[in-house]
Amino acid sequence: MRQNLQSGGRFRPVDLARAHGLSTQAVRNYEAAGILPAAERTSHGYRTYTPLHAQALRAFLALVPGHGHRTATAIMRAINGDATEDALRLIDESHAQLLDDRRTLQAVETAVADLEPLPRERGEMFVGPLASRLGVRPATLRKWERAGLVQPRRDPQTGYRVYSAADVRDALLVHQLRRGGYLLEQVAPLIAQVRSAGGIEPLESTLRDWRARLSARSRAMLTGAAALDAYLARSGGQAISS
């Protein structure tokens, strides 16, 4: 019969594992990684866990969806290693990254909203007219090309750069993001997202999904924080240093 991990008493690795759909080896691995406090051993060398270990496991599993496995592991290891400030810093950094991701999404949404549909007759453009349309120098377009942000083909007769409608779209988006203060290395993955989506219209769906994932991650961080706080409260200061 499955034991109640909320109550007092001692538990075997299998008890913790079954409660969370894990293998007993996973529980042992979590202990070895410092995610769980070190287990006590019986006279025969078997591991025994307490409700504190069960709470630590719940905290870790709750942290993973919001912070990722690596950061959640680092947070638990820091707490169990009496390095509370390090754990709090990791949590703060994770929240800061989420905020930065939200700002990036907002910049992309704004840039996409400001793009004008390309008339069909515009078709392909040479570097001069495109630079003039954007209000930049041709050298700037060549710099974007070296960074992989635009990918014009070469006219086989003249060797001139020829920008397709998709290239023009990418250049417009790069221009919008650059005006928003984004560095080329920050713009590159966003342009790649546009290309993989097949253009601006499919990207709108991608952006909605992106926003939904960020919201889910934000909620997951709240859930993780509650579980971690419960672990710290149960530890009574044993797992952390103030």
Side-chain angles (χ1 to χ4, degrees), residues 65-71 74 89-218 220-221:
H67 298 272
H69 193 281
R70 178 179 298 182
T71 299
R89 175 181 54 79
L90 289 167
I91 292 171
D92 290 343
E93 288 177 350
S94 204
H95 280 280
Q97 180 61 59
L98 177 61
L99 179 59
D100 187 60
D101 289 345
R102 285 190 179 280
R103 287 170 174 163
T104 299
L105 171 60
Q106 184 175 13
V108 176
E109 289 176 330
T110 300
V112 169
D114 289 342
L115 290 179
E116 298 178 0
L118 292 174
R120 291 183 179 275
E121 64 271 15
R122 295 299 292 260
E124 298 180 329
M125 298 182 70
F126 291 106
V127 64
L130 179 56
S132 178
R133 176 179 178 179
L134 296 177
V136 301
R137 302 171 67 177
T140 298
L141 285 172
R142 290 192 287 270
K143 182 179 180 180
W144 293 354
E145 181 182 349
R146 289 193 296 272
L149 303 180
V150 290
Q151 301 172 334
R153 67 177 181 86
R154 293 282 186 154
D155 185 287
Q157 301 296 324
T158 65
Y160 293 158
R161 291 172 173 82
V162 181
Y163 295 83
S164 67
D167 293 323
V168 175
R169 175 205 65 205
D170 292 348
L172 290 168
L173 184 55
V174 172
H175 185 52
Q176 293 283 0
L177 292 170
R178 291 289 285 156
R179 287 177 58 187
Y182 283 81
L183 303 176
L184 291 182
E185 55 266 31
Q186 295 173 309
V187 173
L190 305 179
I191 296 300
Q193 186 78 23
V194 173
R195 290 177 184 150
S196 65
I200 295 300
E201 291 184 5
L203 183 62
E204 293 176 353
S205 175
T206 300
L207 293 177
R208 286 194 296 271
D209 292 342
W210 187 358
R211 180 174 290 280
R213 288 196 302 271
L214 291 179
S215 295
R217 185 171 150 204
S218 184
M221 284 183 172

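The first residue of the sequence shown is numbered 1, and numbering continues consecutively from there. All values below come from the heavy atoms of this structure, side chains included, with hydrogens, waters and symmetry mates left out.
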Item to check | CA sep, side-chain torsions, deciding dist, call: Val127, Tyr160, side chain to side chain contact (heavy atoms under 4.5 Å, CB included) | outcome: CA-CA 8 Å; Val127 64; Tyr160 293 158; over 6 Å; no
Would Arg217 and Asp101 count as a salt bridge (charged side-chain N to carboxylate O under 4.0 Å, His left out) if you check the C-alpha gap in whole Å, the side-chain angles of each, and the deciding distance to 0.1 Å? CA-CA 11 Å; Arg217 185 171 150 204; Asp101 289 345; 2.9 Å; yes
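Annotation: Arg154, atom CZ; neighbour count of heavy atoms from other residues, nucleotides and ligands within 6.0 Å is above 12. Annotation for Arg153: atom CZ counts as buried by contact number, over 12 foreign heavy atoms lying within 6.0 Å.
Using a 4.5 Å heavy-atom threshold, the side chains of Glu124 and Val168 count as separate. Here the side chains of Arg133 and Leu172 are in contact, with some heavy-atom distance below 4.5 Å. Counting heavy atoms from C-beta outward, Arg161 and Pro138 have side chains that stay 4.5 Å or more apart. Leu134 places a side-chain heavy atom less than 4.5 Å from the side chain of Leu141. Side chains of Thr140 and Arg178 form no contact here, defined as non-hydrogen atoms less than 4.5 Å apart. Side-chain contact between Leu99 and His95 is absent, with no heavy atoms from C-beta onward closer than 4.5 Å.
The line from CZ of Arg208 to CZ of Arg211 is 11.5 Å long, rounded to the nearest 0.5 Å. One finds the CD atom of Gln97 at 12.5 Å from the NE2 atom of His67 (value rounded to the nearest 0.5 Å). Here the straight-line distance linking atom CG of Leu149 with atom CD of Glu185 works out to 10.0 Å at 0.5 Å rounding. Remark: Leu98 CG to Leu214 CG distance equals 6.0 Å, nearest 0.5 Å. Of the inter-residue distances, the one linking Asp155 atom CG with Phe126 atom CZ reads 6.0 Å to the nearest 0.5 angstrom.
Under the 3.5 Å distance criterion, the side-chain polar atoms of Ser132 are left unmatched by any main-chain donor or acceptor of Gly128. Of the possible donor and acceptor atoms, one in the side chain of Asp167 sits under 3.5 Å from a partner among the backbone N and O of Ser164.
Closest of all the heavy-atom pairs between Ser218 and Arg102 is CB-NH2, 3.7 Å.
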